[in-house]
Amino acid sequence: MAVLLHRLGRGAYRHRKLVLGIWLFVLAALITCVGVFGGKLDDRFSVPGTESQRALDSLSKTLPEASGASAQIVFTAPGGHRITESPYQAVIARAVTVTRQAPQVSGVVEPGTAGVVSADRTTAIVQIHYRVQTAEIRTSSVDAIKSAAHAAERDGLRTSVGGSVFNSKGVHIGPSEIIGVAVALLVLVVTFGSLLAAGMALLPALIGVAAGLAGLLALAPAVSISSTAVTLALMLGLAVGIDYVLFILSRHRQQLARGADPEESVALAVGTAGSAVVFAGATVIIALAALSVIGIPFLTTMGLGAAGAVLIAVLAAITLVPAVAGFAGTRLAPKPGSRAARRAADAEGSTGRTTLGTRWTKWVIAKPLLTVLAVTGILVTLMLPAADLRLALPDNGSAPHASTQRTAYDTISDKFGPGFNGPLLVLAETNDRTAAASSQAGAQVAAKLRTLKNVKAVLPPEPTGDPAQSVVTVLPASGPDSVRTDRLVRDIRAVASDLRATTGASIAVTGTTAVNIDVSNRLSDSLLPFVAIVVGLSLLLLMMVFRSLVIPVKAAVGFLLSVGASLGLVVAVFQWGWLADVLGVPHSGPVVSFLPIILIGVLFGLAMDYEVFLVSGMREEWAHTGRARQSVVDGARHSVRVVTAAALIMFTVFAGFFPLDDSLIKPIAFALAVGVAVDAFAVRMTLVPAVLALAGRGAWWLPAWLDRILPDLDVEGSSLQKSVPADGGESEPEPAGAGGARGNSGE
């Protein structure tokens, strides 16, 4: 792989105008496709094969209003008045007339018809139904509902609008993300000591991100893509794109500082650091693509979309970086005597000065056992809240407090009970395809459901377009994300066989709440197998890279500690509400159901990234000197600064998405930012050196028989470094295992 990448880097350098032209042409073509064919994003959550989804699919044909999008206008009378007073009834009637004329509206249910007037007669709800899904609702239809609500406010009522059509959607790019990129640029300037180098590092990353996003949006007309998938692809593409460019460009500038020819230097940088970039990117791609095996469409598109963004970031790093470096030529070389030149010399150990990374590593390994115990103890403590992890999908109850949908949600919960925001639909279907038999069976089902715990109300059965079907609406006493509501769904399904025996009707629980519960349960069931696959993959890959048993086990344990600590902090902040007001978290409750799997997939690749860049230098020093403890210190000198900068950039990019008022993105951004910080600084830069110092020579041991059967990935490009010296001279290649980073089990 290193030799192939070396040739690719040299070719991109020599044909830089062609390479840059191809990238810009592809980007322009993709943007054109988005402009011409761009489709709407689809934020539906579905779980094919589950009871709730099958029933919902059936209702989409027989009762589209029950499975389509919905909206609500909540009317509240002024203090001292009742909503049932004649003037206010007239205001509501006018609002109903206006909403009935709104585009795409299939039906409007008045408060009196549905009985949705609060017990204190101060609040009423108008319910609007659509035959189409939220993604297909036109802006003009939503604006018409808002206009009707504003008109009622002018006539003296307080109003708020809610429902699925007001759920958060769209790609979010705002000041916080721009600030994140600006901070990343600042970190690059400090790292390189050059504004030119920092700008040239950011340019390929931004081109790659733009191409990745445009490519994903161009697929929207043909594939169901959610706004969360687009935002996650943007977040990951930006973070890893800048990091991957940083790794390659920093190696290139170090070699230029030693007087290497620019062409040969960039080729060698792509062959060595680029090999690690390809390896790290491949692990992220594999982990994200593995989300498709869970069988949930929105998670599949999310994983594949993010994996595609990472793939393009890798391609940009190994092709655009050498091309852009070709335009800069020797101008990227640190000036003699400059701070950047001194740093490059310090990294090589030629100045005799002790770098900050070296001092930190020496301090960490001075008492390695104490370091291991302290770091492990802190991370295990942070993990403890994760034992109380509850998963659910967010709804309008997680929206910002100032939003109209949150106001509507809270008002409904307060005046009608929390279960009104998450009704359950029970589809009853008889073999006797007559309306009379269906109505009788529906009434019997409704009577039985009223006897179950946590049921506040059961509405009369509603017929559908199929005479054998009826729909019974169950209002739980608890909210949509409550454990008690989850238990009620299980209780209803548990009595299905008894109901079939007594009424002759088969029942299925569906509706948005039931679908969300099924999604969360499917993800909960998939979590441990997914962790096992990821950890097993990390053990195998790192064993092949470092020819060691200790390093893979240590890396896997460190990865689990990072994930556990991140989930623990997420539970403390988003579920328990610790520091929620300080951090601007609008709602405490269950964690977004797909967050743990996304966190595991992304953090796995990033952990492997940092592991390779840190430990490869230590492995190379060990192979050359045979001094186990000193190799940890000398190896860290090469990479600590670059890994620190990479972690700071990634943390900043992820943290830049945290201020978004999006109940899906906010906890994911928090988890990824915290996970990167914990994994980079607590695990890779502290725990890893301490463990290697404790293990001594045993850290690099691998049984001879296992060494022979494992393929040599040569991620560090050790054979390439010996065959192509950094000064541009040519020499005969040596075997990859001859004193290089691979080593053997006898060392």
Side-chain angles (χ1 to χ4, degrees), residues 23 26-27 30-31 33-35 38-43 168-185 201-220 223-245 281 284-285 287-289 291 298-317 320 592 594-595 598-599 601-603 605-606 649-673 675-676:
W23 272 97
V26 171
L27 177 59
L30 290 173
I31 292 175
C33 288
V34 173
K40 293 184 178 181
L41 301 178
D42 187 352
D43 288 306
S168 174
K169 50 183 176 292
V171 183
H172 307 281
I173 301 178
S176 60
E177 295 79 54
I178 296 173
I179 292 172
V181 174
V183 174
L185 179 60
L202 201 56
L203 179 62
L206 293 179
I207 292 176
V209 168
L213 280 184
L216 185 60
L217 290 172
L219 294 173
V223 181
S224 177
I225 297 174
S226 68
S227 59
T228 305
V230 176
T231 311
L232 182 64
L234 171 62
M235 191 189 311
L236 276 181
L238 195 58
V240 302
I242 297 175
D243 269 13
Y244 292 164
V245 172
V284 180
I285 291 168
L288 290 171
L291 297 176
F298 80 86
L299 195 61
T300 298
T301 57
M302 195 180 299
L304 293 179
V310 174
L311 174 61
I312 292 177
V314 172
L315 293 176
L320 265 178
V592 176
F594 51 83
L595 183 149
I598 292 289
L599 176 65
V602 173
L603 204 57
L606 304 184
I649 289 171
M650 199 165 287
F651 173 84
T652 301
V653 171
F654 289 148
F657 287 82
F658 178 75
L660 292 177
D661 288 331
D662 189 303
S663 53
L664 291 173
I665 295 300
K666 184 184 284 286
I668 293 176
F670 177 85
L672 291 176
V676 166

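Here the structure is a predicted model, which is why all the values come from computation and not from measurement.
Expressed to the nearest 0.5 Å, how far OG1 of Thr228 lies from CG of Leu299 amounts to 11.0 Å. Rounding to the nearest 0.5 Å gives a distance of 11.0 Å between OG of Ser227 and CG of Leu232. Note: Ile31 CD1 to Leu213 CG = 10.0 Å, rounded to the nearest 0.5 Å. Considering CG of Leu664 and OG1 of Thr231, their distance stands at 9.0 Å, rounded to 0.5 Å. Taken from CD1 in Ile665 to CG in Leu595, the straight-line distance is 10.0 Å, to the nearest 0.5 Å.
Remark: of the listed residues Val310, Val314, Leu311, Val310 is the sole one forming a side chain to side chain contact (heavy atoms under 4.5 Å, CB included) with Val284.
Side-chain contact between Leu291 and Ile598 is present, with heavy atoms from C-beta onward closer than 4.5 Å. By the 4.5 Å heavy-atom criterion applied to side chains, Leu206 and Leu238 are counted as neighbours. Counting heavy atoms from C-beta outward, Leu203 and Ile207 have side chains that approach closer than 4.5 Å. Leu672 places none of its side-chain heavy atoms less than 4.5 Å from the side chain of Phe658. A 4.5 Å side-chain heavy-atom check between Leu315 and Trp23 finds at least one atom pair inside the cut-off.
Shown here are the ring-ring contact (aromatic ring centres under 6.0 Å, His included) partners of Phe594, two or more places apart in sequence or in another chain: Phe298.
The two atoms that bring Gly241 and Ala313 nearest to each other are CA-CB, 3.8 Å, heavy atoms only. The two residues Leu30 and Ala218 have their closest heavy-atom pair at O-CB, 4.5 Å. Between Ile225 and Leu216, the closest heavy-atom pair is CD1-O, 3.1 Å. Taking all atoms of both residues into account, the shortest heavy-atom contact from Ala184 to Ile649 is CB-CG2, 3.9 Å. When all heavy atoms are compared, the tightest approach of Ala229 to Met302 is CB-CA, 3.7 Å. In plain terms, the two heavy atoms of Ala309 and Ala233 that are nearest each other are CB-O, 3.6 Å.
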Please evaluate residues Leu288 and Leu236 with respect to the criterion side-chain contact (heavy atoms from CB on, under 4.5 Å), reporting the C-alpha separation (whole Å), side-chain torsions for both, the decisive distance (0.1 Å), and the verdict. CA-CA 11 Å; Leu288 290 171; Leu236 276 181; 3.8 Å; yes

